Amino acid sequence: MKGFHAFCVVLLIFGSVSEAKFDDFEDEEDIVEYDDNDFAEFEDVAEDSVTESPQRVITTEDDEDETTVELEGQDESQEGDFEDADTQEGDTESEPYDDEEFEGYEDKPDTSSSKSKDPITIVDVPAHLQNSWESYYLEILMVTGLLAYIMNYIIGKNKNSRLAQAWFNTHRELLESNFTLVGDDGTNKEATSTGKLNQENEHIYNLWCSGRVCCEGMLIQLRFLKRQDLLNVLARMMRPVSDQVQIKVTMNDEDMDTYVFAVGTRKALVRLQKEMQDLSEFCSDKPKSGAKYGLPDSLAILSEMGEVTDGMMDTKMLHFLTHYADKIESIHFSDQFSGPKIMQEEGQPLKLPDTKRTLLFTFNVPGSGNTYPKDMEALLPLMNMVIYSIDKAKKFRLNREGKQKADKNRARVEENFLKLTHVQRQEAAQSRREEKKRAEKERIMNEEDPEKQRRLEVRQTFLTFIRGCLLAPYWLLNVILCRHVHRLKA
Amino acid sequence: MQPEAGERLEPGADPTWRLWTDSKQIGNCRPSKPPARPNKESGNRTEGLWYKPPPSECNPALDDPTPDYMNLLGMIFSMCGLMLKLKWCAWVAVYCSFISFANSRSSEDTKQMMSSFMLSISAVVMSYLQNPQPMTPPW
């Protein structure tokens with residue numbers, strides 16, 4: 001505060017001096033020029049708190065020169081802060097020295113000197129201002145990934161195509177000797193034996209064969225791995241999977257007896273038992289080991305009855321199963337085949353699914369994914385087994401006891417199904433009746449006339465009584481008949 | 001030698017083809033029962049009675065949902081890339097389109113595939129037109 005007071009005193013002194021100088025000038029221009037010079041002089045003093053500086057501007061006519069000179073004076077004044085300080089000190093010799101007057105002043109020359117000594121920092125140029133491809137490394141990575149995917153697609157697709165063609169070339173002769181029609185996609189109205197595979201996908205190929213005794217047709221499906229999909233290729237590196245050949249033979253109704261039988265790897269049979277409608281209903285026991293018949297430990301058997309197993313496991317079939325056990329995933333013979341279990345929505349009445357006499361074969365292509373066209377020749381004996389199985393299924397017939405047991409099983413399944421359906425239908429009928437009653441009650445409640453309301457209530461009670469009297473004998477008859485049917489079947 | 005259509009039909013016989021028309025029977029595409037008439041057989045082959053293959057809709061092996069899911073994902077990522085101006089979303093959309101194409105069935109409509117491709121590529125192009133800076137990873 002003392003310093004500030006001293007500063008104001010100094011200003012006042014110089015102000016009075018300047019006024020005296022103004023009085024000396026009669027010309028306004030001179031006054032203006034002098035004003036600029038004088039005020040410039042005092043401005044320098046006000047900023048630096050110094051009265052005079054030796055680098056003060058000399059009046060000149062040219063403005064540019066004035067400005068340049070002023071600037072020079074300012075620059076010089078910055079550099080000559082020490083000189084100003086000296087002059088300040090000199091000027092104030094007459095006044096008592098106040099330390100507080102120049103508080104912070106000493107810091108200023110220090111900071112300016114430190115500024116001149118600061119090292120030059122080089123800031124990194126932002127990426128978007130750089131003219132180099134290196135900054136786009138992520139984009140280059142993406143494009144490289146896409147190119148790799150495209151290359152893998154082409155290579156995988158071609159390999160699957162070669163494998164399919166190799167399989168067909170190997171099996172063509174056998175198929176053409178057993179079937180009249182080999183290869184048809186079903187698009188033409190007339191029968192056309194194309195003699196080639198039908199490509200459903202980049203990894204699935206179909207072949208339809210028909211024109212043979214005892215079977216309606218045979219659908220062969222080559223299910224290769226998704227070699228054209230890079231993600232699938234990478235996933236297979238973690239978990240190896242094999243290519244598969246699935247064969248579905250649809251038998252004529254009169255050429256196959258009534259039985260359900262399956263043989264294959266234990267894991268495959270457990271999965272099939274859960275998924276397939278017929279295996280879950282007719283073969284409820286766990287898969288049994290085939291060691292009794294001389295099968296390897298890797299194979300298990302699911303059968304409706306022991307007679308079927310004994311009949312199916314003849315010498316030739318055992319030979320096939322034993323020698324090619326590593327290639328066999330599952331073999332499923334069924335007269336009640338209806339596909340996988342169907343999940344019905346609630347509220348909808350169940351419908352008994354239509355069944356078909358079918359032989360299903362699933363074979364694994366050797367190689368566990370690393371398959372070559374020459375590996376397809378190893379599957380030819382399995383196709384021989386399929387042909388043999390077709391003839392075997394036609395010849396095999398159950399004896400009287402087996403037939404009775406099979407019929408009993410089918411009747412039981414049908415009855416259970418009808419019971420389930422009956423319960424659902426009853427529930428639906430009950431809900432409909434309740435809805436009707438509720439609507440009737442609402443109508444009675446909404447009736448304003450009390451006489452009319454009473455008459456409606458009486459009418460409803462009477463109708464309910466009549467309905468009960470009429471339906472009671474029908475219910476009794478139904479119960480008696482059901483019991484009678486049970487006794488007969490037992 | 002492949003048989004020709006109609007060559008082995010008996011005189012006055014009905015057409016041999018029976019269509020698998022009962023499409024309501026899910027999981028079991030069965031033909032209707034052929035008429036009882038003698039077939040001309042040579043060895044095990046029956047010449048004159050052929051059945052039509054089951055339609056592909058009944059084939060459960062082709063119920064792979066991967067192409068549909070990838071198609072949908074591709075469209076979602078494309079929209080995210082366009083609306084939110086996220087370059088990495090646009091690039092992921094391109095990858096989803098490629099994966100959907102690789103897993104698609106031959107019977108599928110190519111128009112949807114092409115539209116998915118075009119959408120994903122336009123998402124990438126628009127992202128870079130709006131902001132030519134290099135992509136920054138999302139993490």
Side-chain angles (χ1 to χ4, degrees), chain A residues 127-128 135-139 142 145-146 149-150 153 156-157 177-182 184-186 188-193 195 198-202 204 206 208 210-214 216-217 219 221 223 226 228-232 246 250 253 277 337-340 342 353-356 387 391, chain B residues 2-6 8 15-20 22 24-31 33-34 39 41-56 58-62 64 66 87-88 91 94-95 98-99 101-107 124 128 131-137:
Chain A
H128 66 282
S135 55
Y136 290 90
Y137 68 96
L138 276 173
E139 281 79 3
M142 288 289 181
L146 278 177
Y149 194 92
I150 293 167
Y153 174 81
K157 177 184 162 187
S177 65
N178 279 279
F179 294 91
T180 313
L181 173 70
V182 175
D184 178 41
D185 53 3
N188 296 329
K189 287 183 182 178
E190 295 177 350
T192 311
S193 181
N198 179 31
Q199 185 176 359
E200 291 286 343
N201 227 333
E202 301 298 342
I204 295 178
N206 289 343
W208 171 251
S210 185
R212 193 185 192 277
V213 293
C214 56
E216 291 175 358
L219 179 65
Q221 194 173 63
R223 304 198 64 194
K226 290 185 182 178
Q228 76 279 7
D229 184 14
L230 186 60
L231 290 182
N232 202 275
Q246 292 184 351
T250 310
D253 290 342
Q277 183 85 19
F337 180 75
S338 60
I342 301 165
D354 290 333
T355 58
K356 195 66 188 160
I387 303 297
D391 295 329
Chain B
Q2 298 296 333
E4 292 180 11
R8 293 181 175 77
T16 58
W17 287 104
R18 295 290 180 266
L19 294 174
W20 299 59
D22 198 353
K24 292 179 187 175
Q25 298 170 10
I26 300 167
N28 180 30
C29 292
R30 56 179 301 186
K33 204 168 174 59
N39 296 322
E41 296 181 5
S42 59
N44 285 327
R45 300 168 64 187
T46 56
E47 300 171 7
L49 182 61
W50 300 339
Y51 288 88
K52 223 171 181 184
S56 57
C58 294
N59 197 345
L62 298 178
D64 184 19
T66 305
K87 293 192 177 78
W88 66 268
W91 281 108
V94 174
Y95 271 90
F98 269 90
I99 294 169
F101 174 74
N103 287 281
S104 65
R105 296 176 274 278
S106 302
S107 57
V124 172
Y128 281 94
N131 186 9
Q133 289 183 19
M135 180 170 61
T136 54

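Letters A, B, ... are given to chains in the order of the sequence lines, protein chains preceding strands, and every chain is numbered from 1. As the structure is a prediction and not an experimental result, all values here were calculated from the model. Scope of the values below: all heavy atoms of this structure, side chains included, with no hydrogens, waters or symmetry mates.
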Fill in the blank from the handout: Across all chains, not counting sequence neighbours, the ring pair (Phe, Tyr, Trp, His ring centres under 6.0 Å) partners of B:Y95 are none
Completion exercise
In terms of heavy-atom pairs under 4.5 Å with chain A, the winner among B:T66, B:V94, B:N103 is B:N103
Completion exercise
Correct closest heavy-atom pair for A:N201 and B:R105 would be OD1-CA, 3.6 Å
Completion exercise
Smallest heavy-atom separation, B:P134 atom then A:S135 atom, equals CB-O, 3.2 Å
Exercise for the section: Would you check if B:F98 and A:Y153 make a side-chain contact, meaning some heavy-atom pair closer than 4.5 Å? Expected result: no
Completion exercise
Okay, A:L231 and chain B: the region with an atom under 4.5 Å from a heavy atom over there is side chain
Practice task
With a 4.5 angstrom heavy-atom cut-off, could you sort out which part of A:I150 is near chain B: side chain, backbone, both or neither?
Solution key: side chain
Fill in the blank from the handout: Value for CZ (B:F101) from CD (A:E202), rounded to nearest 0.5 Å, stands at 7.0 Å
Practice task
Find the distance between CE (B:M135) and OH (A:Y137) and round it off to the nearest 0.5 Å.
Solution key: 8.5 Å
Completion exercise
B:Y128 meets the side chain to side chain donor-acceptor pair (under 3.5 Å) criterion, sequence neighbours left out, with A:E139, B:W91
